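Keep in mind that this is a model prediction, so the values were computed, not measured. Hydrogens, waters and symmetry mates are skipped; everything else that's a heavy atom, side chains included, is used. Here is the naming used below: chain letters follow the sequence lines, and residue numbers restart at 1 for every chain.
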Amino acid sequence: MTVEVRLPTVLRPHAGGATTVSAEGTTIGEVIESLVGRYPGMSGQVLTPEGSLHRFVNVYVNDDDVRYLDQLDTKVADGDTVSILPAVAGG
Amino acid sequence: MPTTVFGEILAHCLAGLPDEACGLIAGDAASGSVLRWYPTRNAAASAKLYEVDPRDLLRADRDAESSGTELIGVVHSHTHTGAYPSPTDVVQAPDPAWHYVLVSLRDTHPAMRSYRIVGGRISEELLALESR
């Protein structure tokens, strides 16, 4: 499966300034693995050292936040759009 | 910031009481000019914390991009403290290029101030209102 990944401003420098890149995978976990394999600089900003999604990052498949689906096991289909956005939170 | 947006932000923050309220601003990153305001839900539903609802965040990001602007900052209210970033705000500030706008509802009159947060350092910036 090939999906389009929309990158937030803070991750674009790791991909040569691109706003969207394509990535491969059947789940969000595989898509992110393919992404950080190609752009290793993104790894620490998207994943924790244990390999789970960083809690300050929102990842969406089309319109849905994967946190409310199956997290990294969320399935993706050919042509889906995956969006990564930094969570906006505070106190 | 347009005076209309200023008024809408204050109204949104007051309507969010007793919880903190939040929203996103879009505009021109180079000049810091605010062109759009997106009130969002506080997913934390708390008087002490806020989290911009992830779905509202995605919608605002797409809308800003399709209108030729970009998200340039976040607004949130403090219900019992001043208009100054809390330690939590500093730790969770995702983008050094963003404007962090704080609205304090502690006193009778709301107060609004704007900051940059870069590498854990807070610096206040001028928040100018424009009549449009």
Side-chain angles (χ1 to χ4, degrees), chain A residues 3-15 17-21 23 28 31-32 35 39 41-49 52-74 76 79-91, chain B residues 19-26 29 38 40-62 64-66 70-81 84-102 115 117 122:
Chain A
V3 299
E4 181 185 79
V5 183
R6 295 177 75 239
L7 300 173
T9 322
V10 290
L11 292 184
R12 290 174 195 168
H14 299 295
T19 55
T20 60
V21 294
I28 282 295
V31 166
I32 290 175
L35 199 64
Y39 309 110
M42 290 184 190
S43 177
Q45 294 185 58
V46 180
L47 297 172
T48 64
S52 54
L53 268 184
H54 206 293
R55 62 181 265 251
F56 297 143
V57 167
N58 295 334
V59 178
Y60 308 84
V61 176
N62 301 323
D63 293 336
D64 299 313
D65 186 337
V66 304
R67 232 187 312 178
Y68 302 108
L69 300 171
D70 295 322
Q71 308 242 20
L72 288 176
D73 296 328
T74 304
V76 295
D80 276 350
T81 299
V82 173
S83 305
I84 303 176
L85 287 176
V88 183
Chain B
D19 290 342
E20 289 194 4
C22 54
L24 297 158
I25 48 175
Y38 300 99
T40 60
R41 289 168 286 184
N42 177 2
S46 157
K48 292 185 174 166
L49 294 171
Y50 80 94
E51 181 189 357
V52 172
D53 182 280
R55 287 153 296 187
D56 293 351
L57 172 63
L58 183 68
R59 264 196 294 273
D61 186 66
R62 283 189 182 164
E65 197 179 277
S66 68
E70 61 180 293
L71 295 181
I72 59 168
V74 60
V75 177
H76 79 281
S77 63
H78 281 171
T79 58
H80 293 92
T81 56
Y84 191 77
S86 67
T88 315
D89 293 331
V90 175
V91 169
Q92 299 193 14
D95 195 329
W98 268 25
H99 304 270
Y100 290 86
V101 178
L102 272 293
Y115 302 86
I117 303 175
I122 302 168

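- Ranking A:V10, A:D65, A:L85, A:D64 against chain B, the residue ahead of the rest is A:L85, based on heavy-atom pairs under 4.5 Å.
- At a threshold of 4.5 Å between non-hydrogen side-chain atoms, the residues B:E65 and A:T19 do not count as touching.
- Of the listed residues (B:D53, B:L58, B:L49, B:V74), the greatest number of heavy-atom pairs within a distance under 4.5 Å of chain A belongs to B:L58.
- A salt bridge links A:R67 with B:E51; the closest basic N to acidic carboxylate O contact falls under 4.0 Å.
- Counting heavy atoms of neighbouring residues, nucleotides and ligands inside a 6.0 Å radius, atom NE2 of B:H80 does not exceed 12 of them.
- Taking every heavy atom of both residues into account, A:F56 and B:Q92 meet most closely at CE2-CD, 3.6 Å.
- Within the 4.5 angstrom heavy-atom criterion, only side-chain atoms of A:N58, from C-beta onward, approach chain B.
- The nearest pair of heavy atoms linking B:R62 to A:S83 is NH2-OG, 4.0 Å.
- Of all non-hydrogen atoms in B:L57 and A:Y60, the two that sit nearest each other are CD2-OH, 3.8 Å.
- The two residues B:H76 and A:G91 make their nearest non-hydrogen contact at NE2-O, 2.8 Å.
- Heavy-atom pairs under 4.5 Å with chain A were tallied for B:V90, B:L71, B:T81, B:D61; the largest tally goes to B:D61.
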